[in-house]
Student: 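Below is one structure. I have some questions about it.
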Amino acid sequence: MEPKKITTADLQKKKKAGEKIAMLTAYDYSLASFIDQSGIDVVLVGDSLGMVVLGYDSTVPVTMADMLHHCRAVRRGVRTALLVGDMPFMSYNISREEAIRNAGRFIKEAGCEAVKLEGGREVAETVKAVVEAGIPVMAHIGLTPQTVSKLGGFRVQGRDAETARRLLDSALALEEAGAFGVVMECLPDKLAGLITRSLKMPTIGIGAGPECDGQVLVTNDLLGLYEKFQPKFVKQYVRLHPIIRQALTDYIREVREGVFPGPEHGFAMEAKELERLTGRSKRKKK
Ligand code: KIV
């Protein structure tokens, strides 16, 4: 029997029941299929795509075209999890109309079921407009990578009274605006716990401690595929990078030494059969 499709309502139910929510990123069909079949609740096509797949130094250059292209590929691999598309920088910041139009493209053109966008109280009206247009929105507060230079770099947010209060206020405003959940990135654990208990919508932490309703990681970090930069909050469950390098150097050596392909990797033909088909013999004439 096909497992039941996960919806935003299921995530709310999980929070109520005290069941943790597991979320991961995906950017292509193959990994998305693995992740979905492993029983994940939410798959996010994150704009972290810009760094771990496209090789940029930040998420800022990622375009709508990049996101839609990868969301379509992931869509083909995800059957059960809730599929969320990450709105790239400047796709929702210029006007509410443009935010609705771009959010709609994630749903209509890429088959996503929800979108995520970064920001606190200042984006609450945008969230409201997108939700009222019929598109579920996941919010993202704390360390928001699209505006990291404004935050003074990649650092924990909410360590002083003013920013801690601002984060709580933002979370409440985003819930009021109709968000179905919120990612909280790089927050002190106790502050994340307080925000989690103050909200009806689920909180998904990344570097925000165990008191959140769920957790998200960038899959490439978890698998040890992206080693350029390793945030403290990442747990590497496997280190695939050296395993892949070994496989690639083995392949190159075997090609050069004539070891690959072996007879088992080809389609054998008897010399006589070749002669019959072509009228030519494999043997050299004297
Ligand atoms: O872009 C992304 O992958 C994200 C997650 C880290 C939440 O926003």
Side-chain angles (χ1 to χ4, degrees), residues 11 20-28 31-32 35 40-64 66-71 73-74 78 81-93 102-103 106 110 112 114-120 123 127 136-148 151 154-157 167 170-171 174 179-187 192 195-196 201-209 212-223 225-226 228-236:
L11 304 184
K20 294 281 186 189
I21 296 162
M23 170 165 151
L24 278 174
T25 64
Y27 316 98
D28 64 54
L31 259 184
I35 292 168
I40 202 85
D41 297 307
V42 185
V43 170
L44 169 72
V45 186
D47 66 351
S48 47
L49 162 81
M51 297 174 79
V52 302
V53 176
L54 303 180
Y56 296 127
D57 288 334
S58 80
T59 59
V60 169
V62 176
T63 63
M64 276 296 294
D66 294 331
M67 290 307 302
L68 294 176
H69 179 70
H70 286 268
C71 284
V74 170
V78 171
L82 180 78
L83 180 59
V84 182
D86 210 2
M87 297 193 71
F89 184 53
M90 283 298 140
S91 67
Y92 57 94
N93 321 68
N102 283 327
F106 276 90
C112 291
V115 295
K116 175 171 85 59
L117 56 88
E118 294 182 8
V123 297
V127 169
V137 177
M138 177 173 264
H140 183 157
I141 61 169
L143 199 165
T144 44
Q146 291 173 8
T147 46
V148 75
L151 302 174
F154 286 90
R155 58 168 66 140
V156 178
Q157 300 295 305
L167 285 165
S170 282
L174 291 160
F180 71 87
V182 59
V183 168
M184 302 200 295
E185 182 162 351
C186 284
L187 260 62
I195 297 176
T196 298
M201 67 175 170
T203 60
I204 311 292
I206 174 162
C212 302
D213 297 308
Q215 298 293 326
V216 59
L217 279 180
V218 168
T219 301
N220 295 47
D221 290 339
L222 172 159
L223 296 178
L225 278 171
Y226 183 75
K228 209 166 152 186
F229 169 68
Q230 188 71 250
K232 178 171 186 272
F233 55 74
V234 168
K235 178 168 175 183
Q236 217 174 53

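Model, not experiment: these values are computed from the prediction. Atoms within each ligand, like the ligands themselves, are counted from 1 in listed order. We're numbering straight along the sequence, starting at 1.
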Student: Looking only at protein heavy atoms, which one is nearest to atom 6 (C) of ligand 1, and how far off is it?
Tutor: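 Going atom by atom, the protein heavy atom closest to atom 6 (C) of ligand 1 ends up being Ile206 CD1, 3.6 Å.
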
Student: Is it true that a side-chain atom of Gln146 and a backbone atom of Glu118 form a donor plus acceptor pair closer than 3.5 Å?
Tutor: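 Judged by distance alone, no pair lies under 3.5 Å.
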
Student: For atom 2 (C) of ligand 1, find the nearest protein heavy atom and state the residue, atom name and distance (0.1 Å precision).
Tutor: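 For atom 2 (C) of ligand 1, the nearest protein heavy atom comes out as Ser48 OG, 3.3 Å.
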
Student: Could you list which atoms of ligand 1 come closer than 4.0 Å to a heavy atom of His140?
Tutor: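 Matching atoms, with element in brackets: 8 (O).
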
Student: Mind checking whether Leu49 and Asp86 have side chains closer than 4.5 Å, heavy atoms only?
Tutor: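 Leu49 vs Asp86: side chains apart.
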
Student: For ligand 1, note which part of Thr25 has a heavy atom under 4.0 Å away: side chain, backbone, both or neither.
Tutor: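 Side chain only.
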
Student: At what distance is the nearest protein heavy atom to atom 8 (O) of ligand 1, and which residue and atom is it?
Tutor: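 Result: Lys116 NZ, 3.0 Å.
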
Student: If I take atom CG from residue Leu24 and atom CD from residue Gln215, how far apart are they, to the nearest 0.5 angstrom?
Tutor: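 It comes to 11.0 Å.
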
Student: Geometry only, no angles: is Asp47 polar-contacting ligand 1 at N/O separations under 3.5 Å?
Tutor: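 Yes, at least one N or O pair falls under 3.5 Å.
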
Student: Has the side chain of Asp41 got a donor or acceptor atom that lies under 3.5 Å from a matching backbone atom of Ala22?
Tutor: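 At least one qualifying donor-acceptor pair exists.
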
Student: Quick test: of every protein heavy atom, which one is nearest to atom 4 (C) of ligand 1, and how far off is it to 0.1 Å?
Tutor: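 Sorting protein heavy atoms by distance from atom 4 (C) of ligand 1 puts Leu44 CD2, 3.6 Å first.
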
Student: For the pair Thr203 (side chain) and Val182 (backbone), establish whether a donor and an acceptor sit closer than 3.5 Å, ignoring hydrogens and angles.
Tutor: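 No; zero donor-acceptor contacts below 3.5 Å.
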
Student: Counting each atom of ligand 1 from 1 as listed, which ones have a heavy atom of Asp86 under 4.0 Å away?
Tutor: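 In order of numbering, the contacting atoms are 1 (O), 2 (C), 8 (O).
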
Student: Which ligand 1 atoms does Gly46 reach within 4.0 Å, using its non-hydrogen atoms?
Tutor: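 Under 4.0 Å from Gly46, ligand 1 has these atoms: 1 (O), 2 (C), 3 (O).
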
Student: Drop me the distance from Ile204's CD1 to Leu11's CG, to the nearest 0.5 angstrom.
Tutor: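 Taking CD1 in Ile204 and CG in Leu11, the distance rounds to 6.5 Å.
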
Student: To the nearest 0.5 Å, what is the distance between CG on Asp221 and OG on Ser48?
Tutor: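 OG of Ser48 is found 8.0 Å from CG of Asp221.
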
